[in-house]
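Nothing fancy with the numbering, it's 1 onward along the sequence. Computed from a predicted structure; not experimentally measured.
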Amino acid sequence: MSRRPSQASFTPVHVIAGRVFSALERFLHVEAVSGLVLLVAAAAALVWANSAAGDAYERLWRAPLVFGVADFAIAQPLHFWINDVLMTIFFLVVGMEIRREIHEGALSTPKLATLPLAAAIGGVIAPALIYSALNLEPMLLRGWAVPTATDIAFAVGVLALLGRSIPGGVRIVLLALAIIDDIAAVIIIALFYSGGLHLIGFLIAGIGVMLVLGFQQIGFRSAWAYVVPGAIVWIGLLKTGAHPTLAGVVLGLMTPVVQPRSRERPVDAAARALNDFGRRAEGVRTDPRELLQHWKSLRYAQRELLPPVVRIQTSLHPWVAYGVMPLFAFANAGVNLRGVV
């Protein structure tokens, strides 16, 4: 005996709400929308920083935010938690996108990868040479590495704003260029401006990388299993003196791009789990608790249908596009121009 709800059981409110949420979901998946949100956040930061309440803007990001318990608490300014912690998730998504293109895309061969690599090298050398030519005084010349860095978040925001008007291959090349350029700039700044990189940090990061590789060999497929190893990589890079958000790039490039081997094809497992769940759910007096095991099997099979790099990137994309990136823009674009113009 079937207990499927009839069409009449849905009220007009349910129908309207379903249509609204469906339209909102489609709207949020338009890339140009996320780019527009990023620009609005940056504009809001500029307006606030140059308003009469500009001091409040500065105080907000310098305010300490504490995480932890008792002696194990970490206190850092709010600006640090956004730029060095949340942005790691952004770099993770970008790293996974680059990983997919290295596997089968615009960066899959050395010939294709030569262009962004050469452009990135030029993007580091040319600004440094131009700066050095215009600032010959010894004190000013020390800042030659400042213009070598590229703001990847805003570069991605502009690409998102352009949407489908640019070819996908061009987008990937520009992303690769920005990442290579940013890594090179971070290494330069760490080597020439921070007293060098610390070996202990590399050892800690190496432990995290080995844990990730070990978990992959064992067969841990849940993304949550890699949170602790990823945190160890992040702490290690922070200890080195380099920018810890590069941990996101490292982890993104290590994310598998193919489904793990299994005794049963993911499609067959999903079909079997769906059939088992459907037969059990059609029962007249089915206890919901009896469906739990079949529901778990269905969720597991559903997870295995997509490669980890696609599944995780798709899950994180809305949070990055509408949370991390606008917050980053709002925290960093508020440049005080009152003394300049």
Side-chain angles (χ1 to χ4, degrees), residues 29 31 34-35 38 67 80-103 105 107 116 149-157 159-160 171-172 174-187 201 204-216 220-240 242-258 260 303 306-329 331-332:
H29 279 80
E31 289 194 6
S34 62
L38 180 71
F67 284 99
F80 169 86
W81 295 107
I82 295 173
N83 282 23
D84 292 50
V85 179
L86 284 184
M87 283 301 290
T88 304
I89 303 175
F90 164 77
F91 276 82
L92 173 64
V93 172
V94 174
M96 286 190 288
E97 187 167 356
I98 297 297
R99 179 67 184 93
R100 290 173 60 187
E101 296 300 324
I102 291 175
H103 177 68
L107 303 173
T150 300
D151 199 321
I152 299 181
F154 280 96
V156 173
L159 293 177
R171 167 187 167 84
I172 295 302
L174 292 177
L175 281 176
L177 187 157
I179 285 182
I180 297 172
D181 181 272
D182 203 59
I183 292 174
V186 168
I187 293 175
I204 296 173
I207 292 173
V209 170
M210 295 302 294
L211 283 175
V212 171
L213 294 175
F215 284 6
Q216 290 177 352
F220 289 172
R221 300 179 183 180
S222 173
W224 292 106
Y226 296 89
V227 171
V228 172
I232 294 174
V233 176
W234 184 89
I235 292 172
L237 289 177
L238 179 66
K239 292 287 187 181
T240 63
H243 208 284
T245 53
L246 293 179
V249 178
V250 173
L251 297 171
L253 294 175
M254 295 177 65
T255 306
V257 292
V258 295
R303 186 185 70 190
L306 294 174
V309 69
V310 177
R311 174 167 47 85
I312 299 173
Q313 185 183 8
T314 303
S315 300
L316 291 178
H317 181 267
W319 298 97
V320 170
Y322 297 101
V324 175
M325 289 178 60
L327 190 57
F328 169 79
N332 291 274

(Q) To check you understand the geometry: which heavy-atom pair defines the closest contact between Ser315 and Pro318, and what is its length? (A) O-CD, 3.6 Å
Q. Which pair of heavy atoms, one from Gln216 and one from Pro256, lies closest together, and at what distance?
A. NE2-CD, 3.7 Å
Q. Quick one: CG on Leu238 to OG1 on Thr245, what's the gap to the nearest 0.5 Å?
A. 10.5 Å
Q.
Test of understanding: with side-chain contact (heavy atoms from CB on, under 4.5 Å), list the residues that count as partners of Val309, not counting sequence neighbours.
A. Met96, Arg100, Thr255, Val257, Pro307
Q) Is the closest side-chain heavy-atom distance between Phe90 and Leu86 below 4.5 Å? A) no
Q.
Nearest 0.5 angstrom please: Arg221 CZ to Tyr226 OH, how far?
A. 9.5 Å
Q.
Contact between Ile98 and Leu253 at the side-chain level, heavy atoms closer than 4.5 Å - yes or no?
A. yes
Q) Which atom names give the shortest non-hydrogen contact between Pro229 and Val212, and what distance separates them? A) CB-CG2, 3.6 Å
(Q) Please determine whether side-chain contact (heavy atoms from CB on, under 4.5 Å) holds for the pair Val85 and Phe80, giving the CA-CA distance in whole Å, both sets of side-chain angles, and the decisive distance to 0.1 Å. (A) CA-CA 7 Å; Val85 179; Phe80 169 86; 4.1 Å; yes
**Q.** Approximate separation, where rounding is to 0.5 Å, of Met87 CE and Leu246 CG
**A.** 11.0 Å
Q) What closest approach, in Å, do Ala329 and Leu38 show between heavy atoms, and which atom pair accounts for it? A) CB-CD1, 3.5 Å
Q: Walk me through it: do Val249 and Val94 pass the test side-chain contact (heavy atoms from CB on, under 4.5 Å)?
A: CA-CA 7 Å; Val249 178; Val94 174; over 6 Å; no
Q. What are the two closest heavy atoms between Pro308 and Val258, and how far apart are they?
A. CD-O, 3.6 Å
Q. Taking only residues two or more places apart in sequence, or in another chain, which ones meet Asn83 in a side-chain contact (heavy atoms from CB on, under 4.5 Å)?
A. His79, Phe328, Asn332
Q: First locate atom NE2 of His103, then atom CD of Glu101, and finally report the distance between them rounded to the nearest 0.5 Å.
A: 11.0 Å
Q) Once you round to the nearest 0.5 Å, how far does CG of Leu92 lie from CG of Leu251? A) 6.5 Å
(Q) If you compare all heavy atoms of Phe215 against all heavy atoms of Ala225, which two are closest, and at what distance to 0.1 Å? (A) CE2-O, 3.3 Å
